[in-house]
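Below, chains carry the letters A, B, ... as their sequence lines are ordered, and counting in each starts from 1.
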Amino acid sequence: MDGAGAPRYSIAMKKGDHLFLVDGSGFIFRAFHALPPLTRKSDGLPVGAVSGFCNMLWKLLTDARDTSVGVTPTHFAVIFDYSAKTFRKDLYNAYKANRSEPPEDLVPQFGLIREATRAFNLPCIETEGYEADDIIATYARQAEAIGADVTIISSDKDLMQLVTPNVHMYDSMKDKQIGIPEVIEKWGVPPEKMIDLQAMVGDSVDNVPGIPGIGPKTAAQLLEEFGDLDTLLARANEIKQVKRRENIIANAELARLSRRLVQLRTDAPLDMPLDALVLEPQDGPKLIAFLKAMEFGTLTRRVAEACDCDAGAIEPAQVKVEWGPAARGPDLDAGASAAAPVRAANGTGAADIYGDNRPAELAKARAEAFATARIDKSCYVTIDDVEDLDDWIRAARETGIVAFEAEGTSIDPMLSEIVGISLALADNTHNPSGLDVRAAYVPLGHKTGSDDLLGNGRADNQLTAGEVLGRLKPLLEDTSVLKVGHNLKYAYLLLKRYEIEIKAYDDVMLMSYVLEAGKGGHSLDSLSDRWLGHMPASFKDVAGTGKSSVSFDMVEIDRATVYAAEKADLALRLAMVLKPWLTAEHLTRVYERLERPLVCTLARMEERGITVDRQILSRLSGELAQKAAAIEDEIYRIAGERFTIGSPKQLGDILFGKMGLPGGAKTKTGQWSTSAQVLEDLAASGHEFPRKIVDWRQLTKLKSTYTDALPGYIHPQTRRVHTSYSLASTTTGRLSSVEPNLQNIPIRTAEGRKIRTAFISTPGNKLVSADYSQIELRVLAHVADIPQLRQAFADGIDIHAMTASEMFGVPVEGMPSEIRRRAKAINFGIIYGISAFGLANQLSIERSEASEYIKKYFERFPGIRDYMDSTKEFAREHGYVETIFGRRAYYPDIRSSNPQVRSFNERAAINAPIQGSAADIIRRAMVRMEPALQAAKLSARMLLQVHDELIFEVEDGEIDKTLPVIITTMEQAAMPAIAMKVPLKVDARAAANWDEAH
DNA sequence: CCCCAACCGTA
DNA sequence: GTACGGTTGGGGG
């Protein structure tokens with residue numbers, strides 16, 4: 001029904017006509033989740049999905065009226081779900097029972113999107129008791145019968161069963177046509193078999209049961225073999241795999257029911273006949289009035305231009321919105337922007353990316369415009385002569401901003417050789433809104449596929465590395481030209497090895513990390529998907545996968561151009577969107593002080609690496625092997641058979657089956673746990689066998705993870721180990737270390753510590769380890785402002801003993817170690833967002849006793865409870881928490897109705913400001929360390945970071961002068977931004993290896 | 001060849 | 001109870 005009730009005329013549909021059917025409901029959910037979540041009107045009304053919807057419709061209609069595009073609809077309708085109650089619910093009561101309530105930000109947008117449809121002068125259709133999909137199916141089949149073509153604007157797999165030679169689907173967000181070949185490619189079956197495939201696979205979102213254990217791949221294979229579901233069910237006994245056969249036979253009825261659920265009706269009652277869907281002309285003023293009411297500046301302007309209307313003369317429409325205060329976003333700065341008039345983001349060419357003085361408006365307009373802007377890969381060019389390259393460099397200097405990406409032979413920048421460089425520039429010569437980006441790829445190290453005795457030949461039509469890098473070096477090192485990239489540390493390290501040191505840069509990965517830590521990944525793929533509605537080509541697409549994959553120098557230059565240029569293009573677009581957003585969210589300082597400078601700081605640390613003594617590791621490996629073998633023999637002897645000790649499943653069978661030991665905990669898959677905790681408990685109750693398993697595990701763990709693996713990371717040329725620090729992979733702001741992970745080198749056991757002796761200084765130098773003492777408890781004392789804790793740290797007394805003394809009334813002097821141990825566990829528990837369950841586990845005590853401890857603790861330190869409560873409340877209200885330097889950590893699930901999920905998020909939210917503030921402090925120290933050492937004319941080199949510890953290599957003669965510089969820089973790191981209420985304390989010492997230095 | 005679960009190393 | 005990454009076994013392709 002068209003709620004607006006505007007009279008529509010109708011023209012009989014005929015052969016050759018083209019009907020567009022937009023899956024409105026599908027689009028709403030997709031747009032809501034795909035688009036930047038922050039899009040709001042100035043009064044706080046969330047309109048992200050509305051914005052995406054309007055942009056999509058406008059683009060479809062503009063293309064449609066542009067006859068050169070080829071596909072021109074004659075009829076057009078937008079279809080919505082009427083309500084959740086449909087005939088399917090009568091078939092199967094659990095249908096869509098899993099559906100949770102729509103997000104509260106989405107609720108007010110349902111009505112608005114229907115309003116938008118009417119503003120576009122399009123029929124808005126919904127029918128009680130039927131899903132949008134059934135209406136679409138009915139229209140599609142009717143139109144097809146007349147001989148018209150149909151395009152369904154959706155990417156929902158449920159609609160793919162409708163695809164025929166005359167019925168296509170179009171994914172407007174990915175700009176992708178879906179026809180018969182695409183369905184086959186994605187699902188392995190042609191569209192007419194989609195119903196049977198879905199019936200077997202089921203759908204957890206809609207709660208379509210399907211056959212358990214059958215996924216898309218298996219289903220496609222079975223349909224290939226048997227033709228259709230009925231034949232399969234009739235001949236199921238021919239299936240060879242036992243489990244699968246039994247499964248299918250047992251669930252045949254479920255499959256038939258599922259088929260009835262997924263099969264779309266083509267006989268839904270239609271309130272509006274096909275002929276009435278004729279596409280009417282745009283009513284410019286009506287549409288503009290609506291867009292103005294929504295404050296979609298960019299789109300308003302575009303529509304006004306296209307319709308030749310004066311937008312300024314049109315009053316915003318009165319749009320009635322049903323949304324209560326609950327729908328209002330909590331992070332809205334209503335006071336600042338409520339009264340602000342909407343201003344179109346005019347003239348936002350590249351030159352003023354950073355210069356707008358209304359950041360929130362600019363950020364919003366940018367995100368809105370870029371979310372739907374088309375990415376035209378056909379304009380990417382390959383640069384193969386120096387004049388062209390010089391032109392691009394000149395243009396980059398004029399614009400002042402260039403995005404770039406360095407392609408190499410390996411993902412490890414220390415082992416990679418440069419293969420090419422892509423560049424992207426904002427080009428506002430054609431489009432004053434600054435949306436056009438042009439990009440190019442400069443190949444310089446591509447090889448031909450044919451190899452002869454001399455190896456692979458050099459590919460034709462490319463400049464030499466010398467020519468290219470010689471020209472790019474001045475640009476990349478020019479502090480007045482901003483270089484934009486994604487994960488710039490890679491390019492920084494790669495180019496550093498070619499004597500280029502990138503200066504003046506922005507990294508969109510880090511912008512995203514600052515804006516959205518905890519909300520999702522920060523890879524170029526996820527950022528493009530989230531902010532630009534575009535999925536870039538994957539590396540696998542160009543280089544192949546698995547064994548048949550090739551390094552980038554073996555990729556054909558044309559293909560490489562599209563892949564590499566796209567990355568630079570996307571990085572530039574993302575910077576144009578995210579940089580204003582940083583300003584709008586007041587996160588620029590976090591980005592500029594805590595993130596950006598670490599790119600080159602960390603790159604230099606990684607480049608230096610650390611010496612690992614191969615002999616020591618080899619000797620240790622031998623010792624571990626011998627000890628493990630001896631224990632292995634005893635294990636087999638006691639067990640009475642040989643088995644795979646490393647298999648928890650087999651071990652569980654031996655322990656709790658054959659040997660009949662009492663089982664303790666279960667894993668989440670229902671197996672008996674064989675964790676160290678369980679085995680220790682068994683050992684404590686007098687069984688010697690589990691002890692041996694624990695010992696064996698320790699030895700084999702040390703061997704496989706450390707002594708055997710580390711030598712493989714020694715670089716062939718530098719002879720050192722170069723870890724890679726990930727700047728954007730934790731929610732709290734900590735770094736992580738990979739390939740190898742040098743942040744988990746053993747220390748707790750004597751056996752494990754030996755591995756640290758293999759980390760050595762070069763002759764004439766020592767390793768210096770400097771670590772913060774109790775930094776997280778100090779941060780806690782600061783943020784929660786606990787008088788006793790502050791006093792204890794000020795006086796330098798044992799913090800755990802003080803806690804024990806407060807709680808249990810035992811004097812610090814002569815305190816029993818068990819009492820102190822418990823207090824220590826409680827202190828750590830507090831930092832981790834304590835639960836009675838967790839504390840009980842940690843201390844092996846009853847949960848009731850743990851509850852008593854916690855109660856007592858809160859009585860003695862009421863400020864801690866206040867801190868925890870207010871942190872939880874802040875997180876619930878804002879969806880994120882903050883460190884003392886303003887870094888955010890998002891916890892989107894903190895409002896979950898599942899108590900387990902919610903509690904977990906609450907504990908994480910309590911921990912994040914503490915862990916994250918400590919992480920920020922050491923980041924600040926690291927950024928200042930190199931200048932501080934330089935100022936003191938010291939040659940110490942910072943090599944590693946392990947969360948609260950920094951490791952340096954220092955010349956023997958400089959150690960005495962260096963230690964105070966390191967200590968002071970670390971202890972003063974919070975200043976002047978934050979005056980800590982407790983002093984920070986750093987311990988440092990020098991030795992020939994890491995074990996003795998720590 | 002890829003993915004997941006279980007386990008365990010660090011702060 | 002927080003935050004990570006790596007190895008192994010095992011299931012499936």
- Message: Need two values: the first and the last nucleotide of DNA chain B, 5' to 3', having an atom under 4.0 Å from any heavy-atom of chain A.
- Response: B:dC1 to B:dA11
- Query: Does DNA chain C take part in any stems of at least 3 consecutive Watson-Crick or G-U pairs (both distances under 3.5 Å), and if so, which ones?
  - Reply: B:1-11 with C:2-12
- Would you call A:K627-A:D695 a salt bridge at under 4.0 Å N-O? no
- Message: Classify A:A676 by what it touches in the nucleic acid, base, sugar-phosphate, or nothing, heavy-atom distance under 4.0 Å.
- Response: sugar-phosphate
- In whole angstrom, give the distance that lies between atom CG of A:N827 and atom C1' of C:dT2. 15 Å
- Please work out if A:I830 contacts a base, only the sugar-phosphate, or nothing of the nucleic acid, heavy-atom cut-off 4.0 Å. nothing
- Could you list by number each residue of residues 851-866 of chain A showing a heavy-atom separation from DNA chain B of less than 4.0 Å, or answer none if no residue does? none
Using distance only, find each side-chain donor-acceptor pair of residues 823-840 of chain A under 3.5 Å and give its atom names and separation, not counting sequence neighbours.
unit_1 : atom_1 : unit_2 : atom_2 : d
A:N827 : OD1    : A:Y857 : OH     : 3.2
A:N827 : ND2    : A:H800 : ND1    : 3.0
A:N827 : ND2    : A:T803 : OG1    : 2.9
A:S835 : OG     : A:G838 : N      : 2.9

- Task: Determine the contact category for A:T674: base if any of its heavy atoms lies under 4.0 Å from a base atom, sugar-phosphate if only primed atoms, P, OP1 or OP2 are that close, otherwise nothing.
- Result: sugar-phosphate
- Message: Using a strict threshold of under 4.0 Å (side-chain N to carboxylate O), is an ion pair present between A:E852 and A:K856?
- Response: no
- Query: Hey, does A:A840 reach any base, or is it just sugar-phosphate, or nothing, if we go heavy atoms under 4.0 Å?
  - Reply: nothing
- Query: NA contact type, A:I834, heavy-atom cut-off 4.0 Å: base, sugar-phosphate, or nothing?
  - Reply: base
- Message: Heavy atoms only, 4.0 Å cut-off, all strands: where does A:L735 land among base, sugar-phosphate and nothing?
- Response: nothing
- Item | Whole-Å distance separating the NZ atom of A:K872 from the C1' atom of C:dT2 | 15 Å
- Could you tell me if the ring centre of A:H687 sits under 6.0 Å from that of A:F689? no
- Item | Side-chain donor/acceptor of A:E595 to backbone N/O of A:V590, under 3.5 Å | no
- Task: Would you indicate what A:T545 reaches in the nucleic acid, counting non-hydrogen atoms under 4.0 angstrom: base, sugar-phosphate, or nothing?
- Result: sugar-phosphate
- Could you give the OH-to-P distance, from A:Y725 to C:dG5, as a whole number of Å? 13 Å
- Describe the nucleic acid contact of A:Q671 in one word from base, sugar-phosphate, nothing, applying a heavy-atom distance below 4.0 Å. nothing
- Query: Tell me, for nucleotides 7-13 of chain C in 5' to 3' order, what letter each nucleotide earns: B for a base near a protein heavy atom under 4.0 Å, S for only sugar-phosphate near one, - for neither?
  - Reply: SSSSS-S
- Message: At a heavy-atom distance below 4.0 Å, what parts of residues 900-918 of chain A sit against DNA chain C?
- Response: A:F904, A:R907, A:A908, A:N911, A:Q915
- Query: Heavy atoms under 4.0 Å, any strand shown: does A:R748 hit a base, just sugar-phosphate, or nothing?
  - Reply: base
- Task: For the residue pair A:R734 and A:Q743, establish whether any side-chain heavy-atom pair is separated by less than 4.5 Å.
- Result: no
